[in-house]
There are 2 protein chains.
Amino acid sequence: MRKKVTIKDVARAVGVTPTTVSNVLNGTNRISDETRRRVLQAVEELQYTPNMSARALVKRRTYTIGLFIPASPRVLSDSYFAEALRGMTEVALQYGYVVSIIYSDGLSDSVRQRIDGLVLTELKNNDEYVQYFKRIRMPFVALGRGGDPMLRDYVISDTNRGIREAINHVYRLGHRRMGYLLGPLGYEYVCERYRIFRCMHAELGLSLDRRLCATGENSREGGALAIHAILTRGVRPTAIFASTDIMALGAIEYLHERGLRVPDDMSVIGFDDADFSKYVRPSITTVHHDIYRAGREAASMLIAKLDGREYKCPVILPVRFVPRESTSTISLDNQ
Amino acid sequence: MRKKVTIKDVARAVGVTPTTVSNVLNGTNRISDETRRRVLQAVEELQYTPNMSARALVKRRTYTIGLFIPASPRVLSDSYFAEALRGMTEVALQYGYVVSIIYSDGLSDSVRQRIDGLVLTELKNNDEYVQYFKRIRMPFVALGRGGDPMLRDYVISDTNRGIREAINHVYRLGHRRMGYLLGPLGYEYVCERYRIFRCMHAELGLSLDRRLCATGENSREGGALAIHAILTRGVRPTAIFASTDIMALGAIEYLHERGLRVPDDMSVIGFDDADFSKYVRPSITTVHHDIYRAGREAASMLIAKLDGREYKCPVILPVRFVPRESTSTISLDNQ
DNA sequence: CGAGCGGTTGAAAACGATTTCATCTTGGTG
DNA sequence: CACCAAGATGAAATCGTTTTCAACCGCTCG
């Protein structure tokens, strides 16, 4: 194992002290152009890279940011997290940071002091973790809405626009009796999407039949159960929105089992544009948002915050409505 | 910001020196039971956790392991990586390690010195990265086969058994003309699966028609193109195996477009048991392997290696053959 | 001609652990 | 009773940076 080259080595090579080398590298003090040039050259020749542990020790920073994953067995499997992670990692790299995964159930003192800040996701209405991280003064930014109305440091999708486009599309197809499948009410994104849905729905001059709305887990089973609940009430929407694509999928499967065809007997609209949404038959009409991009923005924001730079605060990312096979014009016998 | 409690603080509280505290915490030297007890108590009371940066500096270790992601735009989106990551993170935690994502295109000196070791995946036949990490003496273990025949530190699935069960199942359904859709030949897992397929196929006393085999990218398009290639040769297998579920999916879609029904006109068998395989219609018959578990094993092995503990070397994980809708008994007009 | 003043550089003290080696007790042994 | 080994603890060096503050140099100015 070749000995690691340290700041002293480059200092010696140039004939200056470590202080000087450090100064040219960090740009703290004024250094003459001549010296700077020679130091930089030596750094290049010796292939010097500062030891992160040493730097971390004195700066009291780890140059590591975390993606926080709330307790939930399979949540990372969702490509949601994978995409966010990819985006975060890419920008982190540019700033000399590295990203780690932090699971809520592994959140000990030792891991806490190994990160400078966190990107939080899947926030609840009054998120306990938000409270917690505020209390221990761990810097964070949020990916998606929720947690606390006072929070300003978040990046979200333009849900408003997405749902508006979706509902307009469905309206134009002739649908008037729309239903809604809600995910767990504790999550802010569930509430927000529903809120916007109701709002847009009202703007179209329609009045919402509460019997056409039901709630369930955010899963295929949850979607199936929710649509089941609605159907057993003896009512039937011609189009149904779901909080997420996975619930939409469950609903579609359930309807299929019951001999109801999608979209002929009922149109179904999801949200998220999950991987499978374009694979399945019928493919799912949904709202696409770019989680990879959101991950990038969140990391940028967090690092700017950590490094004490300016950053513009709520970042709102564009979405794209994606009409697919699960929606169609209303059929006559459904009128 | 409350001042961080250091080893000196607990030393002072107990009335000993930092050396002693360090010794009881690391178990290096003999310490009297009485002193040990008091130190441990103080540690508890003061909520002392050692500063990782300081420790890292002197031990010349970072207590971080990496999951290496070879260059490929969306590869982390596969739940393959997400699952592996989840498994790794969980065991890493137990040993006081943390895991980071390392993308091949961000592999600079500075990130290299921020990790103690790597878990490598998606190895090619003569993997350049394996060579590279060997050369720079970065410890690693492999998730999946490949890289170098001399490697012993890997964890793999029992592919042999998986494919044997799959092919036997298909054989029992009456199929005799089997084809194969290969992924990119550079990857060892592609070659291995194909090799085993040929071997098992021969053991059944069948001879393989090379016209029934084709290669393509590991994607839906690749699967579609590969089956297209076979079909244009004017031959038609009654059952076709694919290197991966995603290729199988592409093939199924293509066949569907061409008016061929799966499984009635052709049975299709995938490998991996991807998320979507049970969602899609027809759901895909495949071989399930537990990537989460593999991630756990890989992290265990790597950390044992780093910490200088013993570990048993190639770990072979069980697989499970999962028959689904995409395979059925051969129909008469196909005989 | 000395004081004052930018502009550069260096000496030394952190940062918070681990580790080596010395020192100091004890208790056992011849 | 002297000696020695073993057991328990401590002093000090070290890891590789950053940072604070002092020192130095050559000028200009009064």
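In what follows, chains carry the letters A, B, and so on, assigned in the order in which the sequence lines appear, proteins first and then strands, with residues in each chain numbered from 1. Only this structure's heavy atoms are used, side chains among them; waters, hydrogens and symmetry mates stay out. What you are looking at is a predicted structure, and each value in this text was computed from that prediction instead of being measured.
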Inset, instruction - Using a heavy-atom cut-off of under 4.0 Å over every strand shown, decide if Ser53(A) touches base, sugar-phosphate, or nothing. - result: nothing
Inset, instruction - Tell me yes or no: between the side chains of Tyr189(A) and Asp272(A), is some donor less than 3.5 Å from an acceptor? - result: no
Legend entry - side-chain N/O Ser22(A) vs dT18(D) OP1/OP2, d < 4.0 Å: yes
Inset, instruction - Identify which nucleotide among dG16(C), dT18(C), dT19(D) has an atom closest to any side-chain atom of Arg60(A), counting heavy atoms from C-beta outward. - result: dG16(C)
Inset, instruction - For this output row, return yes or no: ring centroids of Phe140(B) and Phe68(B) closer than 6.0 angstrom. - result: no
Legend entry - Any Tyr63(A) side-chain nitrogen or oxygen under 4.0 Å from OP1 or OP2 of dT17(D): no
Inset, instruction - Decide whether Asp153(B) and Tyr311(B) meet the rule of one side-chain donor and one side-chain acceptor closer than 3.5 Å. - result: yes
Legend entry - Between dG16(D) (C1') and Asn51(A) (CG): distance, integer Å: 6 Å
Legend entry - Residue pair Asp148(A) / Gln131(A), side-chain donor-acceptor N/O under 3.5 Å: no
Legend entry - Euclidean distance, atom NZ of residue Lys4(A) to atom P of dT17(D) [Å, nearest integer]: 7 Å
Inset, instruction - Determine: side-chain N/O of Asn26(B) to OP1/OP2 of dT18(C), distance under 4.0 Å, yes or no. - result: yes
Legend entry - Nearest to side-chain heavy atoms of Ala54(B), which nucleotide of dT19(C), dG16(C), dT18(D): dG16(C)
Legend entry - Atom pair distance, as rounded to whole Å: CZ in Arg37(A) and P in dT9(C): 13 Å
Inset, instruction - Indicate whether OP1 or OP2 belonging to dT18(C) is found under 4.0 Å from a side-chain N or O atom of Asn23(B). - result: no
Legend entry - Exercise: do Arg61(A) and Tyr97(A) side chains pair donor with acceptor under 3.5 Å: yes
Inset, instruction - Report the distance from atom NZ of Lys8(B) to atom P of dA11(D), rounded to the nearest whole Å. - result: 13 Å
Inset, instruction - For DNA chain D, determine which residues of residues 13-21 of chain B have any heavy atom closer than 4.0 angstrom to one of its atoms, and list them numerically. - result: Gly15(B), Val16(B), Thr17(B), Thr19(B), Thr20(B)
Legend entry - Residues Lys124(A), Glu128(A): salt bridge by 4.0 Å N-O rule: no
Legend entry - For atom NZ of Lys59(B) and atom C1' of dC15(C), their distance in whole Å: 19 Å
Legend entry - Thr64(A) and Arg114(B) side chains, donor-acceptor separation under 3.5 Å: yes
Inset, instruction - Examine dT9(C): is either OP1 or OP2 under 4.0 Å from a nitrogen or oxygen in the side chain of Ser32(A)? Give yes or no. - result: yes
Inset, instruction - State whether a side-chain donor-acceptor pair under 3.5 Å links Ser108(B) with Ser110(B). - result: yes
Legend entry - Thr19(A) versus Ser22(A), side-chain donor and acceptor atoms under 3.5 Å: no
Inset, instruction - Determine: side-chain N/O of Tyr48(B) to OP1/OP2 of dG16(C), distance under 4.0 Å, yes or no. - result: no
Inset, instruction - Write down the distance between CZ (Arg55(B)) and C1' (dT14(D)), rounded to a whole number of angstrom. - result: 16 Å
Inset, instruction - Specify the closest pair of heavy atoms between Arg296(A) and Glu90(A), including all atoms of both residues, with the distance to one decimal. - result: NH1-OE1, 2.9 Å
Inset, instruction - Please state how far atom CD1 in Ile31(A) lies from atom P in dG7(C), giving the value in whole angstrom units. - result: 13 Å
Inset, instruction - Just compare dT18(D), dG16(D), dT9(D) and give me whichever is closest to any side-chain atom of Leu57(B). - result: dG16(D)
So which protein N/O to nucleotides 24-28 of chain D N/O distances come out below 3.5 Å?
none

Legend entry - Length of the line joining Arg114(B):CZ and dG16(D):P, which is rounded to integer Å: 17 Å
